[in-house]
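Note that the coordinates shown come from a computational prediction; the quantities given were computed from them, not determined experimentally.
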Amino acid sequence: MRKFFCLAVLELLTVLCAAAAFGQSVSPVIAECGKKCNGEFTITNNGVTPLVVSVEARSFSIDPSGHAIYRAVDSTVDLQLAEGSARISPKAAHTFGYKLKCSAAPCSVTLLSTMSVGRTPQGILVRVQVPHVIYLCDKAHGCRDSVRKAAGVQ
Amino acid sequence: MLNRIARVSLALMLAILPFSQFTPAQTASNAAAVSLSFTVNGSLTVAATPGAITFTPTDASHATASGPISVTTSWNLQGSGSSIWTVAYFSSSTAALTDGTANIPASSVFASINGGAASACTLTNVNVAAAKSGATCPTIFTANGIAAQGTNTGSLLLSLSSPSQFLATTYNGVITISASAT
């Protein structure tokens, strides 16, 4: 009976966690770097349950409408992430550091942070993903604008 | 003549003396400058409600979701003119939902955005972060040249429609709501 009660409570908590609103913020969204690029970004858990965030990298180019076109990280990119994942408490934030070098500049890299909450016994679990966008040029100032301009973005 | 000059000078001095003696001295302190600085980093927030949905069969090959997923994209960027795009995708086109053996492909998952007509989540779009071809749902929100600050709320209602009967089992899946910015 006691075991059944514990299982019922666990199931209820799981359903409540899964049903709760959740979201995540990234700050800053866009970073411009010169040849030496040491940066960091912060992920904030806006929800009321702890979340595990995983970070993955993508190289990208930009189409004329301004959208990123993602691909696997280029071989010319040397990216060192201090951490690949982290557990973030409710209403808390975590800062990820990185070092980026590109043998061919300019280069554009996105660090995608993904988090999900709860588990669902059946159906679909919702994950949220936000980007930290890094533009690396010979000089940091105006790097993003020059990349977008070269892509034909109005 | 000299005496007259001396007397006039003395009279003038006596006339001025009381004022110069009792007028308070004016002093000015040095200006203390306090510099202020305030940096607000740009931010992008994506929130989805609820965190999971379930499906209820309406017949042997159709099912409706327990409710729409409300997706709110909020941004505060440095300068205007950026591009933001929010989409939903599955990590596999052949197994959007699965029990480990039996699969429901993305072509059987339909998405209605903001109450519009439902379309299969089979879009091939390299703009999607995961770059999974053929498993992207219709765009939830996109804008180019946006204002520095803004919020968009959209709804994503999923449904299942299969050309054949669903196998009797319990299916699970993950949908990713992904925002990109450039």
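The part of B/Y171 that comes within reach of chain A is its backbone (N, CA, C, O), which places non-hydrogen atoms under 4.5 angstrom from that chain. When heavy atoms are compared at a cutoff of 4.5 Å, A/V133 approaches chain B solely by way of its side chain, counted from C-beta outward. Looking at B/L77, the atoms closer than 4.5 Å to chain A (heavy atoms on both sides) all sit in the side chain, from C-beta outward. For B/L160, no part lies under 4.5 angstrom from a heavy atom of chain A. Interface remark: A/F41 contributes no atoms to any contact with chain B (heavy atom separation under 4.5 Å). Of the atoms belonging to A/V153, it is side-chain heavy atoms, and not backbone ones, that fall under 4.5 Å from chain B.
Interatomic distance, CD1 of A/I30 versus OG of B/S82, reported as 4.5 Å (0.5 Å rounding). Interatomic distance, OG1 of B/T176 versus CG of A/L125, reported as 9.0 Å (0.5 Å rounding). In this structure, OG1 on B/T169 lies 10.5 Å from CD on A/Q122, to the nearest 0.5 angstrom. The NE2 atom of A/H67 sits 10.0 Å away from atom CD1 of B/I84, with the distance rounded to the nearest 0.5 Å. In this structure, CG on B/L97 lies 4.0 Å from CD1 on A/I124, to the nearest 0.5 angstrom. Rounding to the nearest 0.5 Å places CZ of A/R127 at 11.5 Å from CZ of B/F90.
Cluster membership for B/I146 and A/V130, using ILVMFWY side-chain heavy atoms within less than 4.5 angstrom, is shared. There is a path of hydrophobic side-chain contacts, each under 4.5 Å, that joins A/V73 to A/V109. Transitive grouping of hydrophobic side chains (ILVMFWY, heavy atoms separated by less than 4.5 Å) brings A/V147 and A/I134 into a common cluster. Hydrophobic clustering places B/I53 together with B/I140 (ILVMFWY residues linked when any side-chain heavy atoms are closer than 4.5 Å, directly or through intermediates). Hydrophobic clustering, with ILVMFWY side chains joined whenever heavy atoms are under 4.5 angstrom apart, groups A/L79 together with A/F60.
Closest non-hydrogen pair, A/P131 versus B/L44, comes out as CD-CD2, 3.5 Å. The two residues B/P50 and A/V126 have their closest heavy-atom pair at O-CG2, 3.7 Å. In terms of heavy atoms, B/N144 sits closest to A/G66 at OD1-CA, 4.2 Å. B/S180 and A/Y70 make their closest contact through CB-OH, 3.0 Å (heavy atoms, listed as atom of the first residue, atom of the second, distance).
Side-chain atoms of A/S27 come within 3.5 Å of backbone atoms of B/G42 as a donor-acceptor pair (strictly under, hydrogens ignored). Judged by distance alone, with hydrogens and angles left aside, the side-chain atoms of A/R148 form a donor-acceptor pair with the main-chain N or O of B/T182 at under 3.5 Å.
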*Yes or no on side-chain hydrogen bond (donor to acceptor under 3.5 Å, both in side chains) for A/S25 and B/T45, after CA distance, side-chain angles and deciding distance?*
CA-CA 4 Å; A/S25 300; B/T45 301; 2.4 Å; yes
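Among the candidates B/I104, B/T86, B/N172, the residue making the largest number of heavy-atom pairs closer than 4.5 Å to chain A is B/N172.
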